[in-house]
Amino acid sequence: MVDGVFGGVSAVECAWEGVSFAREAGFPVAFGVLSGLVVGAVLVLRRRWPIAVVLVGIAVAPAAMGFLLGVVGLYSLASSEVPRRIIATLASMSLAATFVVMYLRTRGDVEADATLVVVLSVFVAVALTVPPVLFGLYVGARRRLMESLRERADSLERELSLLADRAEERAEWARTEERTRIAREMHDVVAHRVSLMVVHAAALEAIAVKDPARAAKNAALVGDMGRQALTELREMLGVLRAGKPSELAARAGAATTAAAAAVAPTATAATAALAVALVGGFDDGPSIGELEALVGQSRAAGMAVEMLVQGEGAAYAAEVEQTAYRVVQEALTNCHKHAPGARVVVRLAHRGGEVAMQVENGPCDGTSAEPGLPSGGNGLVGMRERVLGLGGVFVAGPTDAGGFKVSAVLPAPATAAATAAAARS
């Protein structure tokens, strides 16, 4: 609409100036008016073909018509995406044409010296050429800047959207990891105790009439194991119910800080602390020193189990202590489930920078009945995840003798306290 208005005004102007041109040149007035209308209407094309509009303005400059055409054409040319050298060339041509026309007309109309005529012609030529070019250059640069800023804003918006999607993916991954860790910890806490309770309950049922004293002993063991399972379960639920991040951070220790920094974009500090705690960050969790008691519980349940220890023990990191305990615990649970009556050997080796554990059972004796314990098939998976999570090595599989063996090696450098104690001794 703006171009149409400019074109109409320019056509009327050129038609009016075409009357004077036709009379001076001896052409019919109608020809001058028609020519002026056509020339002035060219301004409608200033956005699509700015070079053509400027060339038409330069061409009709000797006829003293197209004032609006020349000014608006130069502005449109300067504000367009035309290369600067072309803008400079056409602006120079328009300046020269305006100067020549003004000089020739002023010299014949004004009685003055040549210097005044030249100065006046230069002033008019510059006034009609330089301002529209400079203004067009400014508008074009500003438009390009705004487009660049708009593109940058769109790019940043797309990047933010992508980051939000990735953050949501990381949050979903963190939630999945937390569910897996919770399930693994609950399995380790409950499965072993309940398995032993089932074994003792089966023995209690078998000897309740024949050997009341032994039945009473088994009943007491079942009660003790049930209470231990409830205690560990309450400790786990206490961590899950902790409402203050500071409480979780105190439990998780120094490892919580690093985990919180890694999980911070997608989870709260409490969630990060819970994740570390579930991996094994409880200061009051099981340790390697409790393996003897663990083996004794299986031995009391009727399992022929032997424990061999090599090397001198040291104080390891809490997650190493707990992982070693859980691996042996789960392996013994599997022996109760799948190898009743088999002889079991538990080996523990302290090797300075690492600690190794192995639980191996021989073939079943064929006389013991299956206890009928349910199996979810996640025991070996959970052990492998724990060991690999600490950078260790885990191997499990059948033996040549017809039994089954579970082996794990954990990198376990001694803690600073243990190192200082060894140095003092």
Side-chain angles (χ1 to χ4, degrees), residues 1-21 24-25 32 35-110 112 114-152:
M1 185 173 60
V2 173
D3 292 345
V5 172
F6 275 126
V9 174
S10 177
V12 172
E13 176 206 351
C14 291
W16 177 266
E17 294 170 345
V19 174
S20 301
F21 170 71
E24 292 177 1
S35 299
L37 289 174
V38 174
V39 170
V42 174
L43 192 58
V44 178
L45 307 176
R46 69 185 186 92
R47 297 181 189 271
R48 182 172 299 180
W49 295 308
I51 296 178
V53 173
V54 174
L55 290 176
V56 171
I58 295 173
V60 299
M65 67 169 61
F67 168 77
L68 183 63
L69 176 67
V71 173
V72 177
L74 287 174
Y75 162 78
S76 302
L77 176 68
S79 63
S80 65
E81 300 297 331
V82 176
R84 294 294 179 85
R85 62 179 183 274
I86 297 179
I87 296 176
T89 301
L90 294 178
S92 301
M93 293 173 57
S94 178
L95 178 66
T98 305
F99 170 78
V100 171
V101 172
M102 289 301 302
Y103 177 79
L104 294 177
R105 286 183 173 275
T106 305
R107 186 183 61 175
D109 297 339
V110 180
T115 303
L116 181 60
V117 173
V118 171
V119 171
L120 182 60
S121 300
V122 170
F123 176 77
V124 174
V126 171
L128 295 180
T129 305
V130 176
V133 172
L134 294 179
F135 186 60
L137 291 174
Y138 164 75
V139 172
R142 184 175 180 274
R143 182 171 58 245
R144 287 188 290 271
L145 176 61
M146 295 301 295
E147 291 176 354
S148 176
L149 293 176
R150 190 177 297 109
E151 291 178 359
R152 184 177 301 177

Trainee: Among L77, L137, V71, V72, exactly one meets side chain to side chain contact (heavy atoms under 4.5 Å, CB included) together with P132. Which residue is that?
Mentor: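 With P132 as partner, side chain to side chain contact (heavy atoms under 4.5 Å, CB included) holds for just one option, V71.
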
Trainee: Would R143 and M146 satisfy side-chain contact (heavy atoms from CB on, under 4.5 Å), going step by step from the backbone distance to the final call?
Mentor: CA-CA 5 Å; R143 182 171 58 245; M146 295 301 295; 5.7 Å; no

Trainee: Could you report the tightest heavy-atom contact between V133 and A91, atom names first, then the distance?
Mentor: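 For V133 and A91, the tightest heavy-atom pair comes out as CG2-CB, 4.0 Å.
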
Trainee: Between CZ of F123 and CG of L128, what distance do you get to the nearest 0.5 Å?
Mentor: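 F123 atom CZ to L128 atom CG measures 9.0 Å (nearest 0.5 Å).
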
Trainee: With a cut-off of 6.0 Å (strictly less than), are more than 12 heavy atoms of other residues, nucleotides or ligands near CZ of R142?
Mentor: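 At most 12 heavy atoms, drawn from other residues, nucleotides or ligands, come within 6.0 Å of this atom.
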
Trainee: Short question: side chain of S79, backbone of S76 - any donor-acceptor pair under 3.5 Å?
Mentor: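 Yes; at least one donor-acceptor contact below 3.5 Å.
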
Trainee: More than 12 non-hydrogen atoms from neighbouring residues, nucleotides or ligands closer than 6.0 Å to CZ on R144, yes or no?
Mentor: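 Yes, the 6.0 Å shell around CZ holds more than 12 heavy atoms from other groups.
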
Trainee: For the side chain of S94 and the backbone of L90, is there at least one donor-acceptor N/O pair under 3.5 Å apart?
Mentor: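 Here the side-chain-to-backbone pair does not exist.
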
Trainee: Please walk me through it: do T129 and F99 pass side-chain contact (heavy atoms from CB on, under 4.5 Å)?
Mentor: CA-CA 10 Å; T129 305; F99 170 78; over 6 Å; no

